[in-house]
Each structure stands twice: as C-alpha cells, then as structure tokens.
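Everything on this sheet refers to the single structure shown next.
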Amino acid sequence: MIVFDLRCRDSGDIFEAWFKSSADFEEQAARGLVQCPVCQSASVEKAPMAPRLPAKASGDGPPLAQLAALQAKILKDSEWVGDRFAEEARSIHLGETKARAVHGSATAAETKSLIDEGVPVAPLPLPVVPPNQVN
Ligand SMILES: [Zn+2]
C-alpha cells in the first residue's frame, strides 16, 4: 500500500488516499473513482509534495560499520588490560609504567575518578569482546 497526497482541482483541498500502487491510483483516477472528500469532485491529481524528512536524524549517529572501523583503528595498537584498565590507565598517566595505549573495562565510578584525576580516557563507540578472557 502507498499513500498519496492528492489535490482537488476544483476546491483545492489536499487529502490523503491509499492505493495499492502508483498505477492503481492512475487507474482509479482515470475512472473517476478517486473523489475529493470535500466536494466529491473526481478531478484530482497528486499534490506536489515536499520531500518528507526522516524523523529527527540526530540520535541515530554514524552507521555501525563506520563505528566499527573507527574502533578497529583505535584498538589496533592498543593493549587489552581487561578489568585492570583503571589501574593501568592511572599508572601510565603517572608515568609509573610504559606509556602505551590500553583498553579494558572500568566501572562508571572508576571512569569518573580517572576523569577527575585528569587521566585521558574515552569510552569506545562499541562494546569490546575481550580477546580470550585471560585471568
Ligand atoms: Zn474538492
């Protein structure tokens, strides 16, 4: 089924009507079966339509494939540290351990304190599957 905005050539009213297809509309209109609900005129045409914008594009974000590619790039040279993420990120930040990119899991509280301490951390766009659940 397809909905068309139709316009009555006599009264100028715009109304919607459902058809099986565009061809179905043409056929019904040609036979005078499509009538204006206001003045019953059978002289109707498809109303010029503005393109219907998709409902609120924001919130959808970039497509998943794009995120996955971005994440793969971020993780390429990054070491998985699992639950030790907060600890590792902090000691790297403090220069206590070799500077390198790491990723792992952290609780919301851990993440908050890292940020409070000025440790540069960022959430990954997608959930990470741990390499092989070591430890
Ligand atoms: Zn009309």
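Numbering of ligands and ligand atoms starts at 1, following listing order.
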With the side chain counted from C-beta on, respond yes when Lys46 and Phe25 share a heavy-atom pair under 4.5 Å apart, and no when they do not.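 A side-chain contact under 4.5 Å exists here.
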Which pair of heavy atoms, one from Asp13 and one from Phe15, lies closest together, and at what distance?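 Residues Asp13 and Phe15, closest heavy atoms: O-CD2, 3.9 Å.
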Tell me the closest heavy-atom pair linking Val34 and Ala29, and the distance in Å.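 Looks like CG2-N, 3.6 Å.
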Could you tally the protein N/O/S atoms lying less than 2.8 Å away from the Zn ion (ligand 1)?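 Under the 2.8 Å cut-off, the count stands at 4.
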Determine, step by step, whether Glu117 and His93 satisfy the side chain to side chain contact (heavy atoms under 4.5 Å, CB included) criterion, reporting the C-alpha distance in whole Å, the side-chain angles of both residues, the deciding distance to 0.1 Å, and the verdict. CA-CA 9 Å; Glu117 291 165 40; His93 179 65; 5.6 Å; no
When you look at CG of Asp83, are more than 12 heavy atoms from neighbouring residues, nucleotides or ligands closer to it than 6.0 Å?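 Open: at most 12 neighbouring heavy atoms sit under 6.0 Å from CG of Asp83.
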Over 60° means perpendicular and under 30° means parallel, so tell me whether His103 and Trp80 are parallel, tilted or perpendicular.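 Plane angle over 60°, so perpendicular.
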